[in-house]
Amino acid sequence: MIFVTVGTQGQFDRLIRTIDEWARVRGRTDVFAQTGPSDYHARHIRVERFIDPSEFRRCVESASLVVAHAGMGSIITALELGKQIIVMPRRAELGEHRNDHQVASAKRFAQQGRIIVALNEKELVDKLDRVGSAENAERLGGQASSHLIDTIRTFIDAEHIRVENRT
(Lines give C-alpha, C1' and ligand atoms only; values in the text may rest on other atoms or scores of the structure.)
Protein backbone atom coordinates (compact mmCIF):
# COMPACT_ATOMS: atom_id res chain seq x y z
CA MET A 1 0.00 0.00 0.00
CA ILE A 2 1.04 3.58 -0.63
CA PHE A 3 -0.02 5.74 2.31
CA VAL A 4 -0.61 9.44 1.68
CA THR A 5 -1.01 11.92 4.52
CA VAL A 6 -1.57 15.67 4.61
CA GLY A 7 -1.92 16.08 8.37
CA THR A 8 -4.83 17.80 10.06
CA GLN A 9 -3.93 21.49 9.83
CA GLY A 10 -5.67 22.35 6.58
CA GLN A 11 -6.36 21.48 3.00
CA PHE A 12 -3.68 20.21 0.69
CA ASP A 13 -5.85 19.44 -2.29
CA ARG A 14 -2.95 19.93 -4.73
CA LEU A 15 -1.24 16.84 -3.27
CA ILE A 16 -4.40 14.71 -3.08
CA ARG A 17 -5.50 15.68 -6.62
CA THR A 18 -2.06 14.78 -8.01
CA ILE A 19 -2.01 11.39 -6.26
CA ASP A 20 -5.60 10.63 -7.34
CA GLU A 21 -4.81 11.40 -10.98
CA TRP A 22 -1.52 9.45 -10.82
CA ALA A 23 -3.38 6.42 -9.45
CA ARG A 24 -5.99 6.67 -12.24
CA VAL A 25 -3.40 6.91 -15.03
CA ARG A 26 -1.20 4.14 -13.58
CA GLY A 27 -4.13 1.87 -12.65
CA ARG A 28 -3.07 1.82 -8.99
CA THR A 29 -5.64 0.52 -6.54
CA ASP A 30 -3.31 0.31 -3.55
CA VAL A 31 -3.36 3.97 -2.44
CA PHE A 32 -4.91 5.11 0.84
CA ALA A 33 -4.93 8.79 1.80
CA GLN A 34 -5.61 10.71 4.97
CA THR A 35 -6.90 13.93 3.37
CA GLY A 36 -7.69 16.27 6.26
CA PRO A 37 -10.34 18.93 5.63
CA SER A 38 -10.14 18.56 1.85
CA ASP A 39 -12.67 19.94 -0.62
CA TYR A 40 -11.36 17.62 -3.33
CA HIS A 41 -13.32 14.39 -3.80
CA ALA A 42 -10.92 11.64 -4.85
CA ARG A 43 -12.29 9.04 -7.24
CA HIS A 44 -9.37 6.66 -7.70
CA ILE A 45 -7.90 6.27 -4.22
CA ARG A 46 -9.35 5.27 -0.86
CA VAL A 47 -9.59 8.21 1.53
CA GLU A 48 -10.35 9.08 5.13
CA ARG A 49 -10.41 12.69 6.26
CA PHE A 50 -8.95 12.00 9.69
CA ILE A 51 -7.48 8.96 11.41
CA ASP A 52 -6.40 8.61 15.01
CA PRO A 53 -2.69 8.45 15.92
CA SER A 54 -2.61 4.68 16.40
CA GLU A 55 -4.26 4.11 13.00
CA PHE A 56 -1.81 6.58 11.45
CA ARG A 57 1.10 4.59 12.82
CA ARG A 58 -0.41 1.30 11.57
CA CYS A 59 -0.80 2.80 8.10
CA VAL A 60 2.83 3.91 8.03
CA GLU A 61 3.98 0.51 9.32
CA SER A 62 2.11 -1.37 6.59
CA ALA A 63 2.97 1.04 3.75
CA SER A 64 5.52 0.23 1.08
CA LEU A 65 5.83 3.99 0.48
CA VAL A 66 4.67 7.11 2.33
CA VAL A 67 3.78 10.33 0.52
CA ALA A 68 3.26 13.34 2.76
CA HIS A 69 3.25 17.05 3.32
CA ALA A 70 6.42 18.24 5.05
CA GLY A 71 5.02 17.97 8.56
CA MET A 72 7.52 16.83 11.16
CA GLY A 73 5.20 14.17 12.58
CA SER A 74 4.79 12.51 9.20
CA ILE A 75 8.48 12.68 8.33
CA ILE A 76 9.76 11.51 11.71
CA THR A 77 7.26 8.62 11.91
CA ALA A 78 8.20 7.38 8.43
CA LEU A 79 11.92 7.61 9.18
CA GLU A 80 11.50 6.03 12.60
CA LEU A 81 9.74 3.06 11.00
CA GLY A 82 12.26 2.80 8.16
CA LYS A 83 9.84 3.80 5.40
CA GLN A 84 10.77 5.51 2.17
CA ILE A 85 8.99 8.88 2.07
CA ILE A 86 8.29 11.36 -0.69
CA VAL A 87 7.51 14.80 0.68
CA MET A 88 5.73 17.61 -1.14
CA PRO A 89 5.81 20.72 1.07
CA ARG A 90 2.89 23.10 1.34
CA ARG A 91 3.70 26.50 -0.18
CA ALA A 92 2.69 29.87 1.23
CA GLU A 93 2.44 31.50 -2.21
CA LEU A 94 -0.33 29.01 -3.08
CA GLY A 95 -2.22 29.71 0.15
CA GLU A 96 -1.41 26.27 1.56
CA HIS A 97 0.36 27.60 4.65
CA ARG A 98 1.18 30.88 6.35
CA ASN A 99 4.91 30.66 5.52
CA ASP A 100 7.38 28.38 3.75
CA HIS A 101 8.79 26.53 6.75
CA GLN A 102 7.73 23.21 5.15
CA VAL A 103 9.85 23.98 2.09
CA ALA A 104 12.84 24.75 4.33
CA SER A 105 12.30 21.59 6.42
CA ALA A 106 11.97 19.38 3.34
CA LYS A 107 15.14 20.78 1.78
CA ARG A 108 17.08 20.24 5.02
CA PHE A 109 16.00 16.59 5.34
CA ALA A 110 16.73 16.06 1.63
CA GLN A 111 20.28 17.39 2.12
CA GLN A 112 20.77 14.64 4.69
CA GLY A 113 19.64 12.07 2.11
CA ARG A 114 16.77 10.89 4.30
CA ILE A 115 13.76 11.86 2.18
CA ILE A 116 12.76 12.44 -1.43
CA VAL A 117 11.36 15.93 -2.08
CA ALA A 118 8.94 16.97 -4.81
CA LEU A 119 8.42 20.72 -4.93
CA ASN A 120 5.57 20.57 -7.44
CA GLU A 121 3.07 18.20 -9.03
CA LYS A 122 5.27 17.20 -11.98
CA GLU A 123 8.17 16.33 -9.67
CA LEU A 124 5.80 14.28 -7.50
CA VAL A 125 4.58 12.22 -10.45
CA ASP A 126 8.15 11.74 -11.71
CA LYS A 127 9.36 10.60 -8.29
CA LEU A 128 6.38 8.30 -7.75
CA ASP A 129 7.14 6.64 -11.08
CA ARG A 130 10.84 6.24 -10.22
CA VAL A 131 10.39 4.99 -6.66
CA GLY A 132 7.71 2.45 -7.60
CA SER A 133 7.57 -0.21 -4.94
CA ALA A 134 10.23 1.17 -2.65
CA GLU A 135 12.53 -0.78 -0.42
CA ASN A 136 12.43 0.11 3.24
CA ALA A 137 14.75 2.93 4.23
CA GLU A 138 17.24 2.94 7.06
CA ARG A 139 15.42 3.47 10.34
CA LEU A 140 15.96 6.66 12.24
CA GLY A 141 17.76 5.73 15.41
CA GLY A 142 16.09 6.01 18.78
CA GLN A 143 19.10 7.87 20.14
CA ALA A 144 19.93 11.49 19.48
CA SER A 145 23.11 12.18 17.53
CA SER A 146 26.11 13.51 19.43
CA HIS A 147 25.87 16.71 17.36
CA LEU A 148 22.26 17.28 18.48
CA ILE A 149 23.13 16.55 22.11
CA ASP A 150 26.09 18.99 21.96
CA THR A 151 23.88 21.67 20.39
CA ILE A 152 21.22 21.28 23.08
CA ARG A 153 23.86 21.21 25.82
CA THR A 154 25.41 24.45 24.49
CA PHE A 155 21.98 26.09 24.37
CA ILE A 156 21.18 25.03 27.95
CA ASP A 157 24.58 26.19 29.20
CA ALA A 158 24.18 29.57 27.49
CA GLU A 159 20.69 29.99 28.96
CA HIS A 160 22.00 29.00 32.40
CA ILE A 161 24.71 31.68 32.17
CA ARG A 162 22.11 34.30 31.12
CA VAL A 163 19.90 33.40 34.11
CA GLU A 164 22.85 33.60 36.53
CA ASN A 165 23.82 37.02 35.16
CA ARG A 166 20.28 38.35 35.76
CA THR A 167 20.28 37.39 39.46
Side-chain angles (χ1 to χ4, degrees), residues 1-51 53 55-141 145:
M1 168 190 66
I2 296 173
F3 177 56
V4 181
T5 180
V6 302
T8 60
Q9 296 295 312
Q11 294 179 346
F12 197 11
D13 291 348
R14 183 168 60 101
L15 174 62
I16 299 302
R17 186 180 309 108
T18 302
I19 294 288
D20 192 41
E21 181 62 14
W22 176 82
R24 180 190 69 78
V25 170
R26 303 303 185 274
R28 298 294 294 252
T29 59
D30 61 339
V31 180
F32 173 66
Q34 177 272 313
T35 63
S38 178
D39 285 336
Y40 178 76
H41 298 289
R43 294 186 304 268
H44 308 285
I45 61 175
R46 293 180 300 117
V47 300
E48 234 5 275
R49 287 173 64 91
F50 300 102
I51 57 177
E55 179 65 17
F56 175 84
R57 190 167 182 89
R58 279 193 298 276
C59 286
V60 174
E61 285 174 338
S62 63
S64 60
L65 174 67
V66 176
V67 179
H69 67 131
M72 287 299 100
S74 300
I75 293 171
I76 298 295
T77 302
L79 294 177
E80 184 181 70
L81 295 172
K83 298 300 177 170
Q84 187 86 12
I85 183 170
I86 299 175
V87 170
M88 188 164 94
R90 297 173 191 264
R91 294 186 7 220
E93 70 193 45
L94 300 176
E96 296 166 341
H97 223 301
R98 64 189 168 281
N99 60 39
D100 279 333
H101 73 276
Q102 284 201 355
V103 174
S105 296
K107 287 179 177 178
R108 183 69 177 138
F109 272 98
Q111 287 172 346
Q112 296 174 7
R114 295 214 172 253
I115 66 172
I116 299 168
V117 176
L119 295 175
N120 59 50
E121 298 92 312
K122 182 181 180 331
E123 284 185 17
L124 179 58
V125 168
D126 290 345
K127 291 177 183 196
L128 281 165
D129 285 342
R130 273 191 273 147
V131 170
S133 212
E135 298 287 321
N136 281 350
E138 180 183 343
R139 286 180 180 256
L140 187 64
S145 71

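We count residues from 1, following the sequence as given.
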Backbone N or O of [Y] within a donor-acceptor pair of the [X] side chain at under 3.5 Å?
X    : Y   : answer
S64  : M1  : yes
K127 : I86 : no
Q34  : R49 : yes

Practice prompt. Sort out for me which residue in L65, I45, V66 forms a side-chain contact (heavy atoms from CB on, under 4.5 Å) with I2.
Written response: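 By the side-chain contact (heavy atoms from CB on, under 4.5 Å) criterion, I2 pairs with just one of L65, I45, V66: L65.
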For a 4.5 angstrom cut-off between non-hydrogen side-chain atoms, does [X] reach [Y]?
X   : Y    : answer
V67 : W22  : no
R26 : D129 : yes
R14 : Y40  : no
I19 : L124 : yes
V31 : H44  : no

Hey, what do you get for [atom1] ([X]) to [atom2] ([Y]), rounding to the nearest 0.5 Å?
X    : Y    : atom1 : atom2 : answer
R130 : I116 : CZ    : CD1   : 8.0 Å
L81  : S62  : CG    : OG    : 10.0 Å
T18  : K122 : OG1   : NZ    : 12.5 Å
I76  : I85  : CD1   : CD1   : 9.5 Å

Practice prompt. Please list, chain by chain and in numerical order, all residues satisfying side chain to side chain contact (heavy atoms under 4.5 Å, CB included) with E48, sequence neighbours excluded.
Written response: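 Here the qualifying residues are F32, I51.
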Worksheet item: Does T35 have any side chain to side chain donor-acceptor pair (under 3.5 Å) partners at least two apart in sequence or in another chain, and if so, which?
Response: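 Expected list: none.
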Worksheet entry | Sidechain N-carboxylate O distance under 4.0 Å for R24, D20 |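 No, R24 and D20 are not salt-bridged.
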